[in-house]
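Here is the structure we will look at.
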Amino acid sequence: MEKLSEDMRERQKPVARIIVLVSTAVAGFLIMLVRLMRKS
């Protein structure tokens, strides 16, 4: 099981990086929107 999970991690590294980048970008965008909404 551990070996399998390690192999999956190795394969998913580039995909995981993209997911993390997209999720952080979306989260930052949402925070910006919430702040703008609260101001107005």
Side-chain angles (χ1 to χ4, degrees):
M1 285 298 291
E2 281 178 20
K3 274 188 181 180
L4 276 172
S5 63
E6 276 175 23
D7 287 344
M8 287 291 287
R9 277 185 207 158
E10 285 297 318
R11 282 183 208 158
Q12 289 182 352
K13 262 182 188 176
V15 176
R17 277 184 197 163
I18 291 164
I19 291 167
V20 169
L21 281 171
V22 171
S23 60
T24 48
V26 170
F29 185 67
L30 286 173
I31 290 164
M32 289 275 289
L33 279 177
V34 169
R35 283 182 183 172
L36 286 169
M37 295 272 284
R38 282 183 184 170
K39 280 181 184 175
S40 59

Scan the side chains in residues 24-31 for donor-acceptor partners under 3.5 Å anywhere in the protein, sequence neighbours excluded, and list what turns up.
from, atom 1, to, atom 2, distance (Å)
Thr24, OG1, Val20, O, 2.8
Thr24, OG1, Leu21, O, 2.7

Any chance you could pull the hydrophobic cluster mates of Val15, using side-chain heavy atoms under 4.5 angstrom and chaining through other members? Ile19
What pairs meet the salt bridge (Lys or Arg N to Asp or Glu O under 4.0 Å) rule with one or both residues in residues 13-36, with sequence neighbours excluded? Glu10-Lys13
